[in-house]
J.: 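My questions all concern the structure below.
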Amino acid sequence: MNIVINEELKQYIDPLTPNEYAALERSLLAEGCRDALVLWGDVLIDGHNRYEICSKYDLPFKTIQNDSFGSLEDVLLWMIDNQLGRRSVSDFQRGMLALRKRDIIAARTKSEATPPKNSATEENQGEGAAASDAPATSDDPWHADDNTGRIKTREDIARAAGISSATIGQIDRIRKTAAPELVEAVRNGAISINAAAAVATLPSEAQVS
């Protein structure tokens, strides 16, 4: 069987901690690989750690196909939803995943909403009525149409992540301004989301300290 590892997909979801990886390894050695690995064609999209451990110890495993995706973006969105459905994912990880989903949907919507330039469009831009009738647009990153007619507000994102809107705002601040050491600390639970969001307002050197 030819299984292809796409590094972008492999790195997209936060890696297991050493303790989590060791626990998974013990489970697979004791009980075998009970959950099938998910493939998109030849590309592995779910079960990277299980595949790595099974390959290391020559353990048998099953695979299933998911051919419903039209693009790599569709795969990433499925991976995010798959992770959000797992109870073991922390609130910080849930928030990060929901924000990644927001970014993908916003970028896709912006791309689809941008009309191609042509002479007719340029002529219409000179007509006041056409310009005034155009719907207003917003660069607010908390709003993006996901092709279902529903607006992605901060509350929508928080609901998808299963956490509060305030926590989503704090996680977004951490993601944008926190030093890598601070991100790792909150991901590992060494510091709370609330405290990390406050520390993230400091200069980078002060954050590390």
Side-chain angles (χ1 to χ4, degrees), residues 5-28 44-53 56 72-73 75-110 138-144 146 151-209:
I5 304 299
N6 181 303
E7 288 301 322
E8 179 181 354
L9 297 181
K10 182 179 179 180
Q11 301 299 326
Y12 194 71
I13 303 298
D14 288 341
L16 297 178
T17 65
N19 287 339
E20 290 170 338
Y21 190 91
L24 177 62
E25 188 172 46
R26 289 193 299 270
S27 174
L28 291 175
L44 182 63
I45 62 175
D46 183 57
H48 290 87
N49 293 303
R50 282 175 283 140
Y51 176 66
E52 184 176 280
I53 294 170
K56 178 181 178 180
L72 191 63
E73 284 183 347
V75 175
L76 294 175
L77 289 171
W78 178 87
M79 290 175 65
I80 290 172
D81 287 339
N82 192 42
Q83 287 293 310
L84 287 173
R86 294 177 174 172
R87 291 177 294 177
S88 60
V89 179
S90 70
D91 285 352
F92 179 70
Q93 290 171 318
R94 286 182 177 281
M96 291 289 282
L97 289 167
L99 289 168
R100 290 172 187 171
K101 182 174 183 177
R102 184 278 312 270
D103 290 346
I104 293 173
I105 292 173
R108 175 180 288 181
T109 303
K110 183 177 181 180
S138 172
D139 293 328
D140 181 0
W142 293 107
H143 293 74
D146 64 353
I151 299 299
K152 283 285 184 182
T153 64
R154 181 181 296 195
E155 287 70 27
D156 291 328
I157 297 169
R159 192 177 303 111
I163 56 181
S164 71
S165 175
T167 301
I168 278 289
Q170 291 173 332
I171 293 172
D172 198 34
R173 183 189 307 164
I174 293 167
R175 188 176 71 145
K176 290 176 179 177
T177 64
E181 293 86 349
L182 180 58
V183 174
E184 184 63 20
V186 68
R187 191 179 77 83
N188 289 333
I191 184 173
S192 70
I193 294 172
N194 185 56
V199 174
T201 63
L202 302 174
S204 182
E205 291 184 0
Q207 291 183 34
V208 176
S209 176

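Note that the structure is a prediction, hence the values are computed from the model and not measured.
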J.: Drop me the distance from Arg94's CZ to Leu99's CG, to the nearest 0.5 angstrom.
T.: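 Result: 13.5 Å between the selected atoms.
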J.: When rounded to the nearest 0.5 angstrom, what is the spacing between CZ in Phe92 and CD in Gln170?
T.: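 Here the rounded value is 11.0 Å.
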J.: Strictly distance-based, threshold 3.5 Å: is any side-chain N or O of Asp172 a donor or acceptor partner for the main-chain N or O of Gly169?
T.: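 Pair absent, no side-chain N/O of Asp172 close to backbone of Gly169.
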J.: For Leu84 and Ala161, which heavy atoms make the closest approach, and how far apart are they?
T.: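 So the two residues come closest at CD2-CA, 4.3 Å.
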J.: Report the residues that fulfil side-chain contact (heavy atoms from CB on, under 4.5 Å) with Ser204, sequence neighbours left out, ordered by chain and then residue number.
T.: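 Here the qualifying residues are Ala179.
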J.: With sequence neighbours excluded, tell me which residues meet side-chain hydrogen bond (donor to acceptor under 3.5 Å, both in side chains) with Gln83.
T.: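 By the side-chain hydrogen bond (donor to acceptor under 3.5 Å, both in side chains) rule, Gln83 matches no residue at all.
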J.: By side-chain hydrogen bond (donor to acceptor under 3.5 Å, both in side chains), which residues pair with Asp81, not counting sequence neighbours?
T.: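 With sequence neighbours excluded, Asp81 shows a side-chain hydrogen bond (donor to acceptor under 3.5 Å, both in side chains) to Lys101, given in chain and number order.
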J.: Among residues two or more places apart or on two chains, list those pairs meeting salt bridge (charged side-chain N to carboxylate O under 4.0 Å, His left out) that have a residue in residues 6-21.
T.: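 Counting only pairs at least two positions apart or across chains, the salt bridge (charged side-chain N to carboxylate O under 4.0 Å, His left out) contacts touching residues 6-21 are Lys10-Glu52, Asp14-Arg100.
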J.: If we only count heavy atoms from C-beta on, is the Leu77 to Ile105 side-chain gap below 4.5 Å?
T.: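 Sidechains of Ile105 and Leu77: in contact.
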J.: Just jot down the salt bridge (Lys or Arg N to Asp or Glu O under 4.0 Å) partners of Glu73, sequence neighbours excluded, or say none.
T.: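 Result, salt bridge (Lys or Arg N to Asp or Glu O under 4.0 Å) vs Glu73: Arg108.
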J.: Looking at residues at least two apart in the chain, or sitting in another chain, which of them share a side-chain contact (heavy atoms from CB on, under 4.5 Å) with Ala178?
T.: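 Testing Ala178 for side-chain contact (heavy atoms from CB on, under 4.5 Å), a comparison that skips the adjacent residues, returns Ile174, Leu182, Val183, Ala200, Gln207.
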J.: Should Ile13 and Asn82 count as side-chain neighbours, where that means a heavy-atom distance under 4.5 Å?
T.: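 Side-chain contact under 4.5 Å: no.
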J.: My understanding is that only residues two or more places apart in sequence, or in another chain, count here; which of them pass side-chain hydrogen bond (donor to acceptor under 3.5 Å, both in side chains) with Arg50?
T.: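 Partners of Arg50 under the side-chain hydrogen bond (donor to acceptor under 3.5 Å, both in side chains) test: Asp46.
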J.: So, taking the atom named CG in Asn49 and the one named CG in Leu16, what distance separates them when rounded to the nearest 0.5 Å?
T.: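 Spacing of CG (Asn49) from CG (Leu16) equals 4.0 Å.
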J.: How about Ile193 and Ile163: do any of their side-chain heavy atoms sit closer than 4.5 Å?
T.: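 Counting from C-beta outward, Ile193 and Ile163 never come under 4.5 Å.
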J.: Under the side-chain contact (heavy atoms from CB on, under 4.5 Å) test, which residues partner Ser27, sequence neighbours left out?
T.: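 Ser27: side-chain contact (heavy atoms from CB on, under 4.5 Å) contacts with Glu31.
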J.: To the nearest 0.5 angstrom, please state how far the CG atom of Leu24 sits from the CD1 atom of Ile53.
T.: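 Atom-to-atom, Leu24:CG and Ile53:CD1 are 4.0 Å apart.
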J.: Quick test of your reading: applying salt bridge (charged side-chain N to carboxylate O under 4.0 Å, His left out), list the pairs with at least one residue in residues 185-209, sequence neighbours left out, ordered by first then second residue.
T.: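 Counting only pairs at least two positions apart or across chains, the salt bridge (charged side-chain N to carboxylate O under 4.0 Å, His left out) contacts touching residues 185-209 are Glu184-Arg187.
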J.: What residues, two or more places apart in sequence or in another chain, satisfy side-chain contact (heavy atoms from CB on, under 4.5 Å) together with Thr201?
T.: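 By the side-chain contact (heavy atoms from CB on, under 4.5 Å) rule, Thr201 matches Arg173.
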J.: How long is the gap from OG on Ser164 to CD on Glu155, to the nearest 0.5 Å?
T.: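 If we round to the nearest 0.5 Å, Ser164:OG and Glu155:CD are 10.0 Å apart.
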J.: When you compare the side chain of Leu76 with that of Leu9, does any pair of heavy atoms fall below 4.5 Å?
T.: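 Of all side-chain heavy-atom pairs linking Leu76 with Leu9, at least one is under 4.5 Å.
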J.: Identify, with sequence neighbours excluded, every residue that meets ring pair (Phe, Tyr, Trp, His ring centres under 6.0 Å) alongside Tyr51.
T.: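 Once residues adjacent in sequence are excluded, the partners of Tyr51 under the ring pair (Phe, Tyr, Trp, His ring centres under 6.0 Å) criterion are Phe61.
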J.: Roughly how far apart are Leu97 CG and Ile80 CD1, rounded to 0.5 Å?
T.: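 One finds 6.0 Å between CG of Leu97 and CD1 of Ile80.
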J.: Among residues at least two apart in sequence or on other chains, which ones pass side-chain hydrogen bond (donor to acceptor under 3.5 Å, both in side chains) with Ser192?
T.: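 Testing Ser192 for side-chain hydrogen bond (donor to acceptor under 3.5 Å, both in side chains), a comparison that skips the adjacent residues, returns none.
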